[in-house]
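Here the structure comes first, spelled out in structure tokens, and everything after it is commentary.
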Amino acid sequence: MSIGKYEESQKGMQGEVASRLPPRKMRLSAIVSLTDFEVAAMQRLSPKAFAFFKAGADDEKTEKWNRDSWQLVRFRPRVLRPIESIDLSTTILGTKLNVPFFIGPAGGGKLAHPAGEVMMTQAAAKNGVLHWVCNMAGCTQEEIALARAPDQALFWQIYAKSDLSITEKEVIRAIELGYKGFALTVDAIRGGNRERDRRMAVAEYEAGHLIGDEGADEDEDKPVPGGISAQRGALWPSFDWESAISWLRGLTDLPIAIKGIQTCDDAVLCMNHGVHPWLSNHGGRQLEGAPSAIETLIEIRQNVPQVFDKCDVIVDGGVMRGTDVIKAIALGAKGVAIGRAFLYSLTFGEAGVSKAIQILKSEMETSMSLLGVTRIEDLNPSHVAIRNPAVWARL
């Protein structure tokens, strides 16, 4: 056999062997962006866990739009500006932090890593980042509080359960443990239609019961499994602005954000009630067709800019780049929450979360240098231009 034919046969054998092996999982050293963490998580997580993290409402168009909509805003770089160093530090709800983005409340940390959210807390401490802990975290309030550094600030997210006494105890306990702020989530009194999550639950159910064509008819009336998303308990359905704020203020005088604001009108109501608007459509997981946070932020900037003078505006949804954070801050936001991406990075443990933070910081430092800005506090609307949504829709 000639050398050429031998090499060709060896390549064929190698290809055949490779096709039988599972694909190589991405290593942490190979991760260069937050998107890479999502790819790695898809490789490492169980299909059920990944479906829960990834799921959006209905056809998931809003979940996708959350990412794409950041392109509605373009930069206006200024040149020949001396850039000696970059200062990313800021203050969110009175807490000084090294960066304006933070680990947002996204549940199910133990689906990503057995140690769960405590590793997020530890990574946040090492990097001077806020951890806003999810009410549906896999770790308890106590476990997370014990994991923090001596001077580290933790905030707590609230779902007002149908039995309000349970939630009241949670809030009081959080205060006792030293949590420094709260967010009341108001856009989820009913769970969104997360079909990706439900389909995975159905597939798992059918695989477990070996349902075939012969047994299909007798199972027609059985309820369809709801997936992990359906495990959250019922929420209190009767709050209005007055009762919700007075209820919370009866429990604490710490800073309060209202999470799930999707119009400038409700942002004004936050301002009038002395609380902070958190612009969010719940990661595209609740109402298909809801506006992205950047759209609501633009609406506030154009119609009621006084909100930024009296409130710390927070945004979340589809943030995958340091440039997204900079755009939000330039338009008036004080803090940017990131949920899914940090859950994906948690599949690598604390080291993964820390690397995700460092990636975002590096992207922000590079972008601010090229934008001609050295401090977060100097970012303002003059550094960005808002693209006409009608033009964007045609692209």
Side-chain angles (χ1 to χ4, degrees), residues 28-38 40 67 69-93 95-104 120-132 149 151-153 293-294 297 308 312-342 344-346 348 350-385:
L28 183 58
S29 59
I31 301 289
V32 298
S33 71
L34 295 195
T35 302
D36 289 342
F37 278 114
E38 182 173 343
R67 298 191 187 194
S69 62
W70 289 98
Q71 297 308 309
L72 288 171
V73 178
R74 311 298 288 179
F75 287 121
R76 300 182 68 248
R78 302 302 303 274
V79 297
L80 294 178
R81 302 290 178 95
I83 306 292
E84 302 295 335
S85 61
I86 299 294
D87 182 6
L88 299 180
S89 64
T90 191
T91 300
I92 301 174
L93 302 191
T95 297
K96 293 182 179 180
L97 300 161
N98 290 348
V99 293
F101 63 84
F102 61 89
I103 300 173
M120 289 180 164
T121 301
Q122 292 165 352
K126 289 182 179 179
N127 295 279
V129 174
L130 174 65
H131 184 191
W132 206 310
D151 297 325
Q152 181 181 3
I294 189 66
L297 187 65
F308 300 111
D312 281 6
V313 177
I314 299 168
V315 304
D316 76 39
V319 177
M320 297 297 289
R321 290 287 182 183
T323 49
D324 300 336
V325 178
I326 292 172
K327 290 173 182 179
I329 302 302
L331 283 168
K334 284 288 287 183
V336 178
I338 300 172
R340 280 189 182 95
F342 281 125
Y344 294 146
S345 69
L346 185 59
F348 292 96
E350 183 273 322
V353 180
S354 285
K355 182 161 187 177
I357 292 170
Q358 291 301 319
I359 287 171
L360 283 168
K361 288 178 66 176
S362 177
E363 289 179 351
M364 289 188 67
E365 289 168 351
T366 298
S367 301
M368 286 180 65
S369 297
L370 298 176
L371 192 58
V373 180
T374 60
R375 301 185 304 170
I376 284 294
E377 60 195 69
D378 293 333
L379 286 168
N380 62 68
S382 73
H383 294 114
V384 294

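Between Pro100 and Met364, the shortest heavy-atom contact is CG-CE, 3.7 Å. The nearest pair of heavy atoms linking Thr95 to Ala153 is CG2-CB, 3.6 Å. When all heavy atoms of Ser382 and Arg76 are compared, the closest pair comes out as O-NH1, 2.6 Å. In terms of heavy atoms, Ala330 sits closest to Leu379 at CA-CB, 4.1 Å. When every heavy atom of Ile357 is checked against every heavy atom of Ala123, the shortest pair comes out as CD1-O, 4.0 Å. Of all the heavy atoms in Gly335 and Ile329, the pair that sits closest is N-CD1, 4.3 Å.
Every side-chain contact (heavy atoms from CB on, under 4.5 Å) that Leu370 has, sequence neighbours left out, goes to Thr366. Listed by chain and residue number, Leu93, His276, Lys334 satisfy the side-chain contact (heavy atoms from CB on, under 4.5 Å) test with Asp312 (two or more places apart in sequence, or in another chain). Residues satisfying the side-chain contact (heavy atoms from CB on, under 4.5 Å) test with Asp378, not counting sequence neighbours, are Val373, Thr374, Arg375. Take Ala149 and apply the side-chain contact (heavy atoms from CB on, under 4.5 Å) test, not counting sequence neighbours, and it matches Ala125, Gln152.
Using modelled atom types, no side-chain atom of Lys126 and backbone atom of Ser354 make a donor-acceptor pair closer than 3.5 Å.
Relative ring orientation between Phe342 and Phe101 is described as parallel, the plane-to-plane angle staying below 30° on a 0-90° scale split at 30° and 60°.
Between Val319 and Val325 the shortest side-chain heavy-atom distance falls below 4.5 Å. Taking 4.5 Å as the limit, some side-chain heavy atom of Phe308 sits within range of a side-chain heavy atom of Leu297.
Separation of atoms OG1 (Thr91) and CG (Leu97) is listed at 7.0 Å; rounding is to 0.5 Å. In this structure, OG in Ser345 is found 12.0 Å from CG in Asp36, a value given to the nearest 0.5 Å. In this structure, CD on Glu38 lies 10.0 Å from OG on Ser33, to the nearest 0.5 angstrom. The line from CG of Leu34 to CG of Leu360 is 4.5 Å long, rounded to the nearest 0.5 Å. Note that OG of Ser369 is 7.5 Å distant from CD of Glu365, once rounded to the nearest 0.5 Å. Atom CH2 in Trp70 sits 12.5 Å away from atom CE in Met320 (nearest 0.5 Å).
Residue pairs meeting the salt bridge (charged side-chain N to carboxylate O under 4.0 Å, His left out) criterion with at least one member in residues 315-325, sequence neighbours excluded, are Lys259-Asp316, Arg321-Glu363.
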Counting only pairs under 3.5 Å, give me each side-chain donor-acceptor contact of residues 77-88, with atom names and distances, residues two or more places apart or in other chains.
unit_1	atom_1	unit_2	atom_2	d
Asp87	OD1	Ser89	N	3.0
Asp87	OD1	Ser89	OG	2.7
Asp87	OD2	Ser89	OG	3.3

Between Thr323 and Phe75, does a side-chain contact (heavy atoms from CB on, under 4.5 Å) hold up when you go through it step by step?
CA-CA 9 Å; Thr323 49; Phe75 287 121; 3.9 Å; yes
So Lys327 and Gln71, side-chain contact (heavy atoms from CB on, under 4.5 Å) or not? Walk me through it.
CA-CA 10 Å; Lys327 290 173 182 179; Gln71 297 308 309; 3.9 Å; yes
